There are 2 protein chains.
Amino acid sequence: MHDEPGRPVGPADGVRGRRPRTTRARLAEVALRLFARDGFEATTVDDIADAAGIARRTFFRYYATKADVVWGEFDAELERLRERFRRAPEGLPIVDVVRTAVVATNRFGAGELDQLRTRIELTATVPALVAHSAVQYQAWCDVVAEFAARRLGADPGELGPQTVARACLGAALAAFTVWAARPDEDLDRCLDEAFRILAAGCA
Amino acid sequence: MHDEPGRPVGPADGVRGRRPRTTRARLAEVALRLFARDGFEATTVDDIADAAGIARRTFFRYYATKADVVWGEFDAELERLRERFRRAPEGLPIVDVVRTAVVATNRFGAGELDQLRTRIELTATVPALVAHSAVQYQAWCDVVAEFAARRLGADPGELGPQTVARACLGAALAAFTVWAARPDEDLDRCLDEAFRILAAGCA
DNA sequence: CATATTAGTGCACTCGATGCCAGAATGGGA
DNA sequence: TCCCATTCTGGCATCGAGTGCACTAATATG
């Protein structure tokens, strides 16, 4: 995907200190392979570090927790989402804007889609990851609530924006998990359908 | 509330072995007081055990994890919810049934309401509890999805029931957290309003 | 070559959680 | 009364995640 912190290895390019021995992306790759093979719980941080050729302690310089590996660069995705909300046309209903934004931030090539499936299946299946994901979802909700609040002329903490944001999260999660579980489904179609149900008042 | 496993202490009543030294409810009381005073993270299981006059190891016989204390008897509440769905009138829209059931399963006396507020504030605020709660919410969603599936004539794992269930969860959570944060709000009113927004398609 | 900068790593430690097993308390029956 | 089955307690050892600290290694610049 993209190689993150600094120059991976190679000729100098004007940055001072020692070059990192690996990247977040590579660590994630290694770890996800182990998770898929042995399970999340059965894989220790030592295993990941060994497989990646770094020390256990170093792993925690790249990711704060074992679970964070599964979430990759979610912060960046949140920022993209925020940007899309900023540029959203005024006329469009909130739910439609969110649906469009979610669809847009999840356009991947075929290879990446497979990795996404693995990630989603893990986060929806492994209890420890279900748990950890909630914190990420909260951040996602905050972004949506901020947008909904602007539209509703309310404070992001009020009931209106909060309800809209969390309901949108629910629809998106339903779409993602159903899609991840069935190889033949289309992600966009799932998202469209879920948000259609939401816009119809769950009737 | 209710004193759980076996006779608390006192005269025999026909049960064989040694009598438990405490109860789940008492442990929860002790723990919640410590959480409220020192914070969830800063309170160790040793602290709770000491305060309750039992050994650390014994604590884990009453609750599987430190976080479980905050959730008390959620299993039982899920069962009550399931029962209500079973008895729900056929004509009522899904969302209304869920709203009514949630309101009904959360009728408490004034004293208990305070404890509920503490619990909700903790679960919505402390990251470790936000995380742990997700597992409980998943169970909640399963119950709602099961009901929605019956109504929609679908499988509980399909997109329709999943979307409805998760959206309902979102509405309920929004109501609970907004309520917990504001002393003057009324829980029933919050729930009604949140589900009204949901039924209106978040518009 | 000296120095600042940045990354890697070993060590010790805390804390949650678990398995195992011995011991304490209790009721029932020979 | 004495032993036994039952049930709960709790000590001990162990694992694994996560953290703070101090030291080492690599690299660019002057």
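Quantities reported herein were computed from a predicted structural model and do not represent experimental measurements. Chain letters run A, B, ... following the sequence lines, proteins first, then strands; residues in each count from 1.
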Of dA7(C), dA25(C), dG16(C), the nucleotide closest to the side chain of Phe60(B) is dG16(C)
Would one find a side-chain N or O of Arg19(B) under 4.0 angstrom from OP1 or OP2 of dT26(C)? yes
Neighbours of DNA chain D within residues 121-133 of chain A, by heavy-atom distance under 4.0 Å: none
Given dG16(C), dC8(D), dG8(C), the nucleotide with the shortest approach to the side chain of Lys66(B): dG16(C)
Applying side-chain hydrogen bond (donor to acceptor under 3.5 Å, both in side chains) to Thr123(B) and not counting sequence neighbours gives none
Would you tabulate the pairs of protein nitrogen or oxygen atoms and nucleotide nitrogen or oxygen atoms of nucleotides 28-30 of chain C closer than 3.5 angstrom?
residue	atom	partner	partner atom	Å
dG28(C)	O4'	Arg16(B)	NH1	2.8

I'd like to check the ring-ring contact (aromatic ring centres under 6.0 Å, His included) partners of Phe59(A); sequence neighbours left out, ordered by chain and number. none
Looking at Val103(A), Leu116(A), Val102(A), Ile120(A), which hits side-chain contact (heavy atoms from CB on, under 4.5 Å) with Leu187(A)? Leu116(A)
Mind running a 4.0 Å heavy-atom check of residues 40-58 of chain B against DNA chain D and sending the residues that fall below it, in number order? Ile54(B), Ala55(B), Arg57(B), Thr58(B)
Ala145(A) and Ala165(A): which non-hydrogen atoms are nearest, and at how many Å? N-CB, 3.7 Å
Quiz: residues 151-158 of chain B side-chain donor-acceptor pairs under 3.5 angstrom, not counting sequence neighbours:
residue	atom	partner	partner atom	Å
Arg151(B)	NH1	Leu92(B)	O	2.7
Arg151(B)	NH2	Pro89(B)	O	2.7
Arg151(B)	NH2	Glu90(B)	O	3.3
Arg151(B)	NH2	Leu92(B)	O	3.4
Asp155(B)	OD1	Gly157(B)	N	2.9
Glu158(B)	OE2	Asp155(B)	N	2.9

Hey, which sits more toward the 5' end of DNA chain D by its nearest nucleotide, Arg61(B) or Thr65(A)? Arg61(B)
Just verifying a value: how many Å separate Asp142(A) CG and Arg82(A) CZ, rounded to the nearest 0.5 Å? 8.5 Å
To the nearest 0.5 angstrom, please state how far the CG atom of Leu198(B) sits from the SG atom of Cys202(A). 4.5 Å
